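Structure first, commentary second.
All values derive from a computational prediction rather than experimental measurement. When a ligand or atom number is given, it counts from 1 through the structure's own listing order.
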Amino acid sequence: MTDAVTGPVTRAPGEALRGYAASVHDREVFGPDAETLPHARAAIAGARRVVVLTGAGMGAESGIPTFRDALTGLWSRFDPHELASVEGFRADPQRVWDWYAERGEGVRRAHPNAGHEALAAWARTHPGRMCVVTQNVDDLHQRAGQPDVLRLHGDILGRRWLDEGRCRERTPCDITAAEPGRPPRCARCGNLVRPGVVWFGEALPAAALDRAQQVAGACEAMLVVGTSGAVWPAAGLAGLARRAGATVVIVNPQESEIDAQAHVRLRGTAAQVLPALLART
Ligand code: APR
């Protein structure tokens, strides 16, 4: 198992790196990291199962602000908990609904970037070998045609009831018949419709988290793209994969809190690095 490498490395012996040597183009894209590229390419090419953990940086080149960047302008005067918690929603449903409506409009206007496209293209040409575990609440991986996406933090375009099962009536609240408004309500019991995202203090969707931990523990290569590694349990998936014997490759223009888990660190953006990294694996 190679130690973390960034910049010029002595070539590992054997077939593994042959054919993945850095090209002139690689040096244009990766600079000094071009030397570590063969390790990353060989790890992905040789993996029967590749898990890709993505964070907000994956959508940066599609113009989608990170959660923290979205707290700017008119929204900068609010504490994140006022805008992304059950308590904040109950206190001011209209404010929270408007914030998510504005962010949701941004997602609808955005398009998958070259990084999303490169991942989806690789998954199509290597069926059954790639699973994307995303912390993002947009749908850009799906719109790029990525076949297997696990959403850990929900779906900003999704809707669900604030109080599950609140209706005492025989038939539960019918979200398709919610009374229009901001936010919509159940016409019978007044239950509020909320955005389908995970809020502060809420558990992650158990099925998605269980499967994310299962695939991370069973993969041979993990590609970590555009996450600061600041939020758990998602941040723990890279260490889980490494302990299980996977080669971990981090793609991020800056250092992250989980860089120590990486065997290979590629300093660059998703839309720059992923097409070059995946095109020849
Ligand atoms: N390509 C790749 N990475 C990028 C790019 C890019 N173009 N631009 C920025 N980054 C990196 C940043 O360097 C940073 O490390 O993306 C990361 C974004 O970090 P965060 O904003 O903390 O986003 P994320 O790691 O996804 O946060 C996890 O925290 O904000 C909450 O629930 C929210 O899902 C989010 C979670």
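For residues 126-152, every residue pair satisfying the ring pair (Phe, Tyr, Trp, His ring centres under 6.0 Å) rule, not counting sequence neighbours, is listed here: His116-His141, Trp122-His126.
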Exercise answer: donor-acceptor pairs, residues 175-186 side-chain atoms, under 3.5 Å, sequence neighbours excluded:
unit_1: Thr176; atom_1: OG1; unit_2: Asp174; atom_2: OD1; d: 2.5
unit_1: Thr176; atom_1: OG1; unit_2: Asp174; atom_2: OD2; d: 3.0
unit_1: Arg182; atom_1: NH2; unit_2: Asp98; atom_2: OD1; d: 3.3
unit_1: Arg182; atom_1: NH2; unit_2: Asp98; atom_2: OD2; d: 3.3
unit_1: Arg185; atom_1: NH1; unit_2: Gly190; atom_2: O; d: 2.9

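Judged by the 6.0 Å and 45° rule, Arg103 forms a cation-pi pair with Trp99.
Protein residues with any heavy atom under 4.0 Å from ligand 1: Gly55, Ala56, Gly57, Ala60, Glu61, Thr66, Phe67, Arg68, Gln135, His153, Gly226, Thr227, Ser228, Val231, Asn252, Pro253, Gln254, Thr269, Ala270.
Annotation: salt bridge (charged side-chain N to carboxylate O under 4.0 Å, His left out) contacts of Glu117 (sequence neighbours excluded): none.
With salt bridges taken as basic N to acidic carboxylate O contacts below 4.0 Å, one links Arg90 and Asp163.
Between the side chains of Glu220 and Thr247, no donor N or O sits under 3.5 Å from an acceptor N or O.
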